Engineer: 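Before I ask anything, here is the structure I am working with.
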Amino acid sequence: MKLPKEGDFITIQSYKHDGSLHRTWRDTMVLKTTENAVIGVNDHTLVTENDGRRWVTREPAIVYFHKKYWFNIIAMIRENGVSYYCNMASPHVLDEEALKYIDYDLDVKVFTDGEKKLLDVDEYEIHKKQMGYSPDLDFILKENVKILVDWINNEKGPFSPAYINIWYKRYLELKNR
């Protein structure tokens with residue numbers, strides 16, 4: 001399968017550990033693809049929940065997926081600054097249909113002032129029992145929370161203001177072509 005090119009639109013699908021579809025984003029614009037990573041942008045993107053509810057994203061958001069890390073990152077660009085929503089998730093796979101990953105409930109929210117919050121710990125514990133997350137999977141996810149927090153603390157990758165500026169500027173160029 002050939003990788004999507006800059007300016008192409010893809011669908012993103014998140015699943016749960018049991019294989020059930022969790023959420024779908026239609027028409028994410030690709031900004032860059034490499035062997036390991038996909039950088040895209042959602043801006044007024046249609047999102048469909050597993051129960052059929054639909055909504056549209058409010059602001060531009062740079063999305064980052066990597067094949068080696070158990071998280072993905074959404075940088076929401078707002079008037080008062082950038083806030084982040086990070087999903088603990090399997091590394092992504094990309095096929096003809098969509099970019100796909102398994103969502104593992106735990107989320108890290110980073111507010112515009114830099115405050116960090118670990119979310120959905122209760123949901124994680126419930127699903128861990130219900131869906132039988134293995135001890136190995138539990139260890140991998142908790143280790144990747146540490147990696148993610150290190151990235152946040154050190155403004156690495158998507159947490160760097162320069163990164164956001166570069167990719168948001170590129171999005172505006174592509175959008176206005």
Side-chain angles (χ1 to χ4, degrees), residues 1-34 36-67 69-112 117-120 123-124 126-127 131 141 148 152 157-159 163-177:
M1 164 175 156
K2 66 183 185 48
L3 293 175
K5 299 182 309 300
E6 176 186 79
D8 286 352
F9 287 89
I10 60 170
T11 296
I12 297 173
Q13 295 174 337
S14 80
Y15 291 83
K16 286 299 182 183
H17 186 76
D18 64 4
S20 61
L21 184 63
H22 173 56
R23 185 174 289 137
T24 303
W25 290 260
R26 269 235 343 252
D27 299 329
T28 296
M29 182 193 283
V30 173
L31 298 175
K32 183 179 174 87
T33 51
T34 67
N36 288 317
V38 175
I39 301 167
V41 67
N42 286 325
D43 190 2
H44 294 85
T45 300
L46 177 66
V47 181
T48 306
E49 301 289 340
N50 63 347
D51 62 5
R53 282 182 305 121
R54 296 154 75 111
W55 54 279
V56 174
T57 61
R58 288 195 307 264
E59 65 266 313
I62 307 293
V63 295
Y64 175 87
F65 297 89
H66 199 284
K67 283 190 176 164
Y69 296 105
W70 286 71
F71 52 79
N72 56 63
I73 300 164
I74 302 158
M76 294 162 291
I77 300 164
R78 301 188 164 131
E79 283 182 19
N80 64 339
V82 178
S83 65
Y84 294 87
Y85 201 88
C86 311
N87 297 294
M88 299 316 296
S90 69
H92 75 278
V93 294
L94 194 57
D95 64 21
E96 298 296 333
E97 187 183 25
L99 181 150
K100 300 173 181 177
Y101 66 90
I102 299 168
D103 180 295
Y104 281 105
D105 319 306
L106 287 175
D107 301 307
V108 176
K109 171 108 175 144
V110 184
F111 297 87
T112 54
K117 201 172 253 180
L118 183 63
L119 306 173
D120 303 327
E123 185 183 353
Y124 176 79
I126 290 165
H127 285 156
M131 297 183 208
L141 292 166
L148 179 63
I152 295 164
F159 300 100
Y163 175 102
I164 297 303
N165 292 337
I166 288 164
W167 292 113
Y168 185 59
K169 184 174 169 227
R170 187 66 192 130
Y171 162 62
L172 293 175
E173 290 166 1
L174 291 168
K175 182 177 120 168
N176 295 323
R177 269 213 294 224

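As the structure is a prediction and not an experimental result, all values here were calculated from the model.
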Engineer: Determine the minimum heavy-atom distance between Ala37 and His92, stating which atoms define it.
Structural biologist: CA-CE1, 4.4 Å
Engineer: Any side-chain heavy atom of Leu172 sitting closer than 4.5 Å to one from Lys169?
Structural biologist: no
Engineer: Just wondering, do Ile39 and Ile62 contact through their side chains at under 4.5 Å, heavy atoms?
Structural biologist: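 Ile62 reaches Ile39 side chain to side chain.
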Engineer: Mind checking salt bridge (Lys or Arg N to Asp or Glu O under 4.0 Å) for Asp107 and listing every partner two or more places apart, or none if nothing turns up?
Structural biologist: none
Engineer: Anything under 30° is parallel, anything over 60° is perpendicular, the rest tilted; go ahead and classify Phe65 against Tyr101.
Structural biologist: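 Because their plane-to-plane angle lies in the 30° to 60° range, the rings of Phe65 and Tyr101 count as tilted.
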Engineer: Please enumerate all residues that pass salt bridge (Lys or Arg N to Asp or Glu O under 4.0 Å) together with Glu96, with sequence neighbours excluded.
Structural biologist: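 With sequence neighbours excluded, Glu96 shows a salt bridge (Lys or Arg N to Asp or Glu O under 4.0 Å) to no residue whatsoever.
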Engineer: I need the full list of ring pair (Phe, Tyr, Trp, His ring centres under 6.0 Å) pairs touching residues 7-31, with sequence neighbours left out, sorted by first then second residue.
Structural biologist: His17-Tyr104, His17-Tyr133
Engineer: How many angstroms lie between atom OG of Ser14 and atom NZ of Lys100, to the nearest 0.5 angstrom?
Structural biologist: 12.0 Å
Engineer: According to ring pair (Phe, Tyr, Trp, His ring centres under 6.0 Å), who are the partners of His127, at least two apart in sequence or on a separate chain?
Structural biologist: none
Engineer: Apply side chain to side chain donor-acceptor pair (under 3.5 Å) to Tyr168 and list each qualifying residue two or more places apart in sequence or on a separate chain.
Structural biologist: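 Per chain and number, Tyr168 pairs via side chain to side chain donor-acceptor pair (under 3.5 Å) with no residue.
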Engineer: Could you tell me the separation between the CG atom of Leu118 and the NZ atom of Lys109, rounded to the nearest 0.5 Å?
Structural biologist: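 The NZ atom of Lys109 is 14.0 Å from CG of Leu118, to the nearest 0.5 Å.
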Engineer: Would you give the length of the straight line joining atom CG of Asp103 to atom CE of Met88, rounded to the nearest 0.5 angstrom?
Structural biologist: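 Nearest 0.5 Å value for the CG-CE distance: 10.5 Å.
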Engineer: Identify the residue among Ile164, Ile152, Val108 that makes a side-chain contact (heavy atoms from CB on, under 4.5 Å) with Tyr84.
Structural biologist: Ile164
Engineer: Tell me if a side-chain donor or acceptor on Thr45 pairs with a main-chain N or O of Thr57 at a distance below 3.5 Å.
Structural biologist: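 No, Thr45 side chain to Thr57 backbone: no donor-acceptor pair under 3.5 Å.
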Engineer: Out of curiosity, Leu31 CG to Glu173 CD, how far, rounded to the nearest 0.5 Å?
Structural biologist: 10.5 Å
Engineer: Tell me, which pairs form a side-chain hydrogen bond (donor to acceptor under 3.5 Å, both in side chains) where one or both residues lie in residues 1-11, sequence neighbours left out?
Structural biologist: Glu6-Arg170
Engineer: Which pair of heavy atoms, one from Thr112 and one from Gly81, lies closest together, and at what distance?
Structural biologist: CG2-C, 3.7 Å
Engineer: Nearest 0.5 angstrom please: Thr28 OG1 to Ile10 CD1, how far?
Structural biologist: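 Output value for this atom pair is 6.0 Å.
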Engineer: Do Gln13 and Leu21 have side chains that approach each other closer than 4.5 Å (heavy atoms only, starting at C-beta)?
Structural biologist: yes
Engineer: Out of curiosity, Met131 CE to Ile102 CD1, how far, rounded to the nearest 0.5 Å?
Structural biologist: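 Reported value, rounded in 0.5 Å steps: 10.0 Å.
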Engineer: Are the side chains of Trp70 and Ser90 in contact, using a 4.5 Å heavy-atom criterion?
Structural biologist: yes
Engineer: Please list all pairs passing the salt bridge (charged side-chain N to carboxylate O under 4.0 Å, His left out) test where one or both residues lie in residues 41-51, with sequence neighbours left out.
Structural biologist: Arg23-Glu49, Asp51-Arg53
Engineer: Between Tyr69 and Leu148, is there a side-chain heavy-atom distance shorter than 4.5 Å?
Structural biologist: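 Sidechains of Tyr69 and Leu148: no contact.
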Engineer: Leu46 and Arg54: side-chain contact (heavy atoms from CB on, under 4.5 Å), yes or no, with the steps?
Structural biologist: CA-CA 7 Å; Leu46 177 66; Arg54 296 154 75 111; 3.2 Å; yes
Engineer: Apply side-chain contact (heavy atoms from CB on, under 4.5 Å) to Leu3 and list each qualifying residue two or more places apart in sequence or on a separate chain.
Structural biologist: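 Partners of Leu3 by the side-chain contact (heavy atoms from CB on, under 4.5 Å) criterion, ordered by chain and then number, come out as Thr33, Leu94.
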Engineer: Which atom pairs, donor and acceptor, lie under 3.5 Å between side-chain atoms of residues 71-80 and protein residues at least two apart or in another chain?
Structural biologist:
from: Asn72; atom 1: OD1; to: Asn87; atom 2: ND2; distance (Å): 2.8
from: Arg78; atom 1: NE; to: Glu59; atom 2: OE1; distance (Å): 3.0
from: Arg78; atom 1: NH1; to: Ser83; atom 2: OG; distance (Å): 2.8

Engineer: For Asp18, enumerate each residue passing the salt bridge (Lys or Arg N to Asp or Glu O under 4.0 Å) test, keeping only those at least two apart in sequence or located in another chain.
Structural biologist: none
Engineer: Any side-chain heavy-atom pair from Leu106 and Asp120 closer than 4.5 angstrom?
Structural biologist: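 When only atoms from C-beta onward are counted, Asp120 and Leu106 do not touch, as no gap falls below 4.5 Å.
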